[in-house]
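Owing to the predicted nature of the structure, the values given are computational and were not obtained by experimental measurement. Computed over heavy atoms, backbone and side chain alike; hydrogens, waters and symmetry mates excluded.
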Amino acid sequence: MKPVLPFFVILLLLTLFISCDKEAKDDVYPEIKMDCCGGFPLNCDEVDRGSSFTFVAQFSDNEELGAFSLDIHNNFDHHTHSTDPVPCEPEPIKDPVNPFRLIKEYQIPSGMTSHLAEVEINIPADVDPGDYHLMVRLTDKAGWQTLKGISFKIR
């Protein structure tokens with residue numbers, strides 16, 4: 001009689017090895033491109049109070065996009081978290097009286113690996129002019145997030 005135990009051990013190890021083929025995980029950050037496709041605003045651009053502009057950026061991911069958020073806040077104290085290597089000429093430091101503020105999240109339709117974001121943003125006429133930041137946070141379905149920050153001015 002032949003020993004069957006080694007055969008079953010080999011079969012069991014082979015089954016375990018095959019079942020260990022892990023599902024591929026998305027470990028790639030999504031990408032934000034603002035300097036393409038009519039992207040606006042770009043670093044150091046200016047917009048007017050009492051008007052509106054369209055935020056435009058191209059988003060992409062290797063598997064699936066999730067959502068993005070926009071955060072516009074004043075930079076009257078010259079703090080920094082810009083991701084653009086080119087600094088803008090700052091106005092003098094000042095205290096905010098009625099600064100413009102926008103924080104909003106937008107869902108990207110499911111299944112998309114590329115998305116052209118276009119968001120209309122209204123700037124009230126009574127907000128403080130000066131230095132502002134625009135922060136864009138893009139998250140893919142796996143939870144990876146990319147941040148892009150630019151400086152711009154409201155006139």
Does R49 reach the main-chain N or O of P124 with its side chain, forming a donor-acceptor pair under 3.5 Å?
no
Looking at every non-hydrogen atom in both residues, tell me the closest pair between P99 and N74 and how far apart they are.
CB-ND2, 3.5 Å
Report the residues that fulfil ring-ring contact (aromatic ring centres under 6.0 Å, His included) with Y132, sequence neighbours left out, ordered by chain and then residue number.
F76
Taking it one step at a time, do D26 and K141 satisfy salt bridge (Lys or Arg N to Asp or Glu O under 4.0 Å)?
CA-CA 9 Å; D26 179 3; K141 279 290 186 189; over 6 Å; no
Given T54 and E118, is the side-chain hydrogen bond (donor to acceptor under 3.5 Å, both in side chains) satisfied, shown in steps?
CA-CA 6 Å; T54 303; E118 296 179 287; over 6 Å; no
Would a hydrophobic clustering, with Ile, Leu, Val, Met, Phe, Trp and Tyr connected at side-chain separations under 4.5 Å, put L138 with V28?
no
Using a strict cut-off of less than 4.0 Å between a Lys/Arg side-chain nitrogen and an Asp/Glu carboxylate oxygen, indicate whether E46 and R155 qualify as a salt bridge.
yes
Could you check whether any side-chain N or O of D128 sits under 3.5 Å from a backbone N or O of F100, counting only pairs where one atom can act as donor and the other as acceptor?
no
Taking the side chain as C-beta and beyond, is there a heavy-atom pair between S114 and Q58 under 4.5 Å?
yes
Would you check if H115 and P109 make a side-chain contact, meaning some heavy-atom pair closer than 4.5 Å?
yes
Can a donor-acceptor pair be found, under 3.5 Å and without considering hydrogens, that links the side chain of D131 to the backbone of E91?
yes
What I'd like to find out is whether the side chain of D140 reaches to under 4.5 Å of the side chain of T146, using heavy atoms alone.
no
Where do S151 and D84 land on the side-chain contact (heavy atoms from CB on, under 4.5 Å) test, with the steps shown first?
CA-CA 8 Å; S151 298; D84 197 295; over 6 Å; no
With no hydrogens and no angle check, do the side chains of T113 and E64 hold a donor and an acceptor under 3.5 Å apart?
no
I'd like to know if the side chain of N98 reaches the main chain of D126, judged simply by a donor and an acceptor atom lying under 3.5 Å from each other, with no hydrogens or angles considered.
yes
Modelled atom types, side-chain donor and acceptor of N75 and H73, under 3.5 Å
no
For T83 and L147, which heavy atoms make the closest approach, and how far apart are they?
CG2-O, 3.8 Å
So, do I72 and F152 sit near enough that their side-chain heavy atoms are less than 4.5 Å apart?
yes
With a 6.0 Å cut-off on ring centres, are F55 and F40 close enough?
no
Mind checking side chain to side chain contact (heavy atoms under 4.5 Å, CB included) for P87 and listing every partner two or more places apart, or none if nothing turns up?
none
Any salt bridge linking D71 with R101? Criterion: basic side-chain nitrogen under 4.0 Å from a carboxylate oxygen.
yes
